[in-house]
Asker: 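Below is one structure. I have some questions about it.
All chains are named by letter (A, B, ...) in the order of the sequence lines, taking the proteins before the strands, and each is independently numbered beginning at 1.
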Amino acid sequence: MTRLPSVPEPTITANVRLGDRVWSILLTAFGGAVLVVAGLIVIELTHVAQPLSGAVSLWKFLAGADWDPVNDSYGALPYIYGTLVTSAVAIALAGAVGVGIALFLTEMAPPQLRAIAMFPLELLAGIPSIVYGLWGLTVLVPILRADVEPWLQRNLGFLPLFKGAPIGLGYLAAGVLLAIMILPTIASITVEVMRTVPGTLREAALALGATRWEAVKLSVLPYARPGIVGALILGLGRALGETMAVTMVIGNSPTISASLFAPGYSLPSVIANEFAEASGQTHTAALAGLGLILFGVTMALNAIARLLVAWASRGPLRKS
Amino acid sequence: MSKTLTAAVALSLVASAALAADPLLITGAGATFPAPLYTKWFSEYNKLKPGVQINYQSIGSGGGIKQITEKTVSFGATDAPMNEEELAKAPGVLHLPTVLGAVVVTYNEPSITSLKLSSDTLAGIFLGKISKWNDPAIAKDNPGVKLPDTNLTNVHRSDGSGTTGVFTDYLAKVSPEFKAAVGQGKAVKWPGGLGGKGNEGVTGLVKQTPGAIGYVELAYANQNKLPLVALKNADGHFVTPSTETTSAAAAKAELPPDYRISITNAPGKDAYPIAAFTYLLVYTDQTDEAKGKELISFLHWAFHEGQAFAQPLDYAPLPAAVVARLDKTLATITVQGKKLAAGK
């Protein structure tokens, strides 16, 4: 206490205070702008979707499977289903591979290799989605049709997931393509997260006689779990909204099928496909309604994901 | 005929020479299907009359109708004619056919070198009822052709488009079952099959998928050397799509005064059954004097000299009878309420 006076008194002039205030107002405005933009999007979409309320009941729009612009009958379920299924396939594949890549790069590979390997991985994130789509249509789909899908059918054909004619285009193609697209996001964030795991945790596990895998399982994964879940959420966000690449490989057929081989459709794809030439007010309104649903699905999944992060970050504390 | 025309062009050249310092800008927007031809027309016309520059944005038929309704452009362009509801919002809009296009059926089954289909079989394929290449219906249309026992996948346009509009217009006309199950429209509910975005998307899917069959525009199919299906027309002949057989479809059509007519399943021995006009949309009364005059003289040029540019670009030129009718319609266009002299 007696030493306090020796600290030089901070000289705050009125000028600085004014600058601080302006700065804080400015930043608040920037932050608020995000909310305002999101709000305006919802208001505008609701406004455009308004004529739909006279034509189709809300329940039929959300749970109906019939999308027929000629007879003004609109049901969004096949699109919601397609969006969720392709995103789920993508997250399952990219999550497993991405975390695996991150584990290899942080736990096993020499540090020089990490720098070299991260570069092409981050490069993948910069490829435009239309290029992914072209590659998917010309390279991935023929491989799926000729090799992967027949193999799955022979060995796992008893599952409803792998029934039906292997035509290549469909949920599986879209899911695999999305997985490749979101892999860099998931892998690079997971690498960063795993690097923050204190070395002492690892060493402690190893000193107790744990194998390398046990050290990862007991110390690295629990510590990094919230970060990994966060990485998956970011990947999911991209997968849900991806339009062009999905349109090119999903088959664009609004059908609900348990088989991953079947052609499907997704929310962003149908909006992109039909909006430019939408005939009549109700059709346009229905497409705006799909936009609202996509908005809602993204919000709901984000909320669930936040709960997951909260749950995941409790993990290591409970263990200790 | 051509003498009065040269005179007309010469006259407008003199007229535009006065304005040469500041080129007159006319803008239009609409259908993507005729865009390559229109671009060619505008650049050729600009060589002829450097004082007039026409800009065209190929944003799709729907956009063209929207823009001409809001009067943000001097002319719109659409593949399918406007319906009553749309016309009510844009009173005084004229439909002027410029050229014809055709929708062709293409397929990917290398063992079949030439394929013929009747309207019922085609409807059956796109209703998803025919799923094998050796289906009895296909065999009946192709006597003597050995058909493989492979899967048949139909491919349609996933985006809303005039091509789908014309194709479904034909199928709904020839098949009551198709009309009841699917109907006619730019975007319809297809029972199964694969969807590709744009002509290039459908072509890509057909090329990629063994056993696929899909529909694209004639110009696109010709430029990409796709195998074409000969279709049975209203007179019972199998007709291979070409610019000639497409023009033939319009030759016997009974044109209504506003040109809004579907010429699918047209009569005539050589008429290809899935043909359609593509239209420019202009107001009967032009509000801008200079632009209105130039637009009319351009339209006159397009209906006469311009037709020669159609065939090399795989569009079917208008039959002479239609051009004669159009000359009369052009004469009815007024500029600020006043008629122009001598029907040009």
Side-chain angles (χ1 to χ4, degrees), chain A residues 65-75 78 130 133-134 136-146 164-170 173 243-244 246-255 257 262-266 269-284 286-287, chain B residues 31-32 58-66 78-80 82-83 85-86 89 128 131 150-165 168 172 179-198 200-202 204-205 207-212:
Chain A
D66 183 55
W67 183 270
D68 187 351
V70 178
N71 297 314
D72 268 346
S73 165
Y74 301 100
I130 189 84
L134 273 176
L137 186 62
T138 54
V139 180
L140 179 67
V141 167
I143 294 175
L144 286 177
R145 177 176 53 235
I167 44 175
L169 297 151
T243 311
M244 277 321 298
V246 170
T247 307
M248 291 175 83
V249 299
I250 199 169
N252 296 323
S253 174
T255 44
S257 165
Y265 224 144
S266 77
S269 295
V270 69
I271 298 173
N273 270 330
E274 293 186 5
F275 195 77
E277 292 286 323
S279 45
Q281 218 177 13
T282 324
H283 194 186
T284 314
L287 292 171
Chain B
T32 47
S58 61
I59 53 172
S61 296
I65 291 173
K66 214 172 274 176
T78 180
D79 291 334
M82 292 164 76
N83 59 30
E85 190 190 331
E86 286 162 341
K89 283 184 201 155
S131 56
T150 47
N151 287 327
L152 184 151
T153 313
N154 69 67
V155 181
H156 54 259
R157 286 280 290 265
S158 60
D159 50 334
S161 85
T163 311
T164 301
T168 53
K179 191 175 182 181
V182 179
Q184 193 270 333
K186 286 191 231 178
V188 297
K189 183 191 165 199
W190 293 102
L194 298 173
K197 186 165 163 42
E200 62 285 359
V202 171
L205 290 187
K207 280 186 172 167
Q208 290 282 320
T209 318

Asker: Heavy-atom pairs under 4.5 Å with chain B - which of T255(A), N71(A), L169(A) has more of them than the others?
Answerer: L169(A)
Asker: Show the nearest heavy-atom pair for residues P263(A) and G193(B), with the distance to one decimal.
Answerer: CG-O, 4.1 Å
Asker: Is F275(A) in contact with chain B via its backbone, its side chain, both, or neither, using a 4.5 Å heavy-atom distance?
Answerer: neither
Asker: Select one option (side chain, backbone, both, neither) describing which atoms of T209(B) are under 4.5 Å from chain A's heavy atoms.
Answerer: both
Asker: With a 4.5 angstrom heavy-atom cut-off, could you sort out which part of V155(B) is near chain A: side chain, backbone, both or neither?
Answerer: neither
Asker: Are the side chain of D159(B) and the backbone N or O of N273(A) linked by a donor-acceptor pair below 3.5 Å?
Answerer: no
Asker: Counting heavy-atom pairs closer than 4.5 Å to chain A, which one of G192(B), G211(B), G196(B), S158(B) comes out on top?
Answerer: S158(B)
Asker: Which distance, rounded to the nearest 0.5 Å, do you find between the NZ of K197(B) and the OG of S269(A)?
Answerer: 10.0 Å
Asker: With a 4.5 angstrom heavy-atom cut-off, which part of E86(B) approaches chain A: side chain, backbone, both or neither?
Answerer: neither
Asker: Could you tell me which portion of A278(A) (side chain, backbone, both or neither) has an atom closer than 4.5 angstrom to a non-hydrogen atom of chain B?
Answerer: neither
Asker: Would you say R145(A)'s side chain and P210(B)'s backbone share a donor-acceptor pair under 3.5 angstrom?
Answerer: no
Asker: I need the E274(A) CD to R157(B) CZ distance, nearest 0.5 Å.
Answerer: 12.0 Å
Asker: What residues of residues 137-144 of chain A make heavy-atom contacts with chain B at a cutoff under 4.5 angstrom?
Answerer: L137(A), T138(A), P142(A)
Asker: Rounded at 0.5 Å granularity, tell me how far CG in L194(B) sits from CD1 in I250(A).
Answerer: 11.5 Å
Asker: Are W190(B) and P254(A) close enough that some pair of their side-chain heavy atoms sits under 4.5 Å apart?
Answerer: no
Asker: Measure distances from L205(B) to the heavy atoms of chain A and classify the residue's part below 4.5 Å as side chain, backbone, both or neither.
Answerer: side chain
Asker: With side chains defined as the heavy atoms from C-beta onward, is the minimum distance between K189(B) and D66(A) less than 4.5 Å?
Answerer: yes
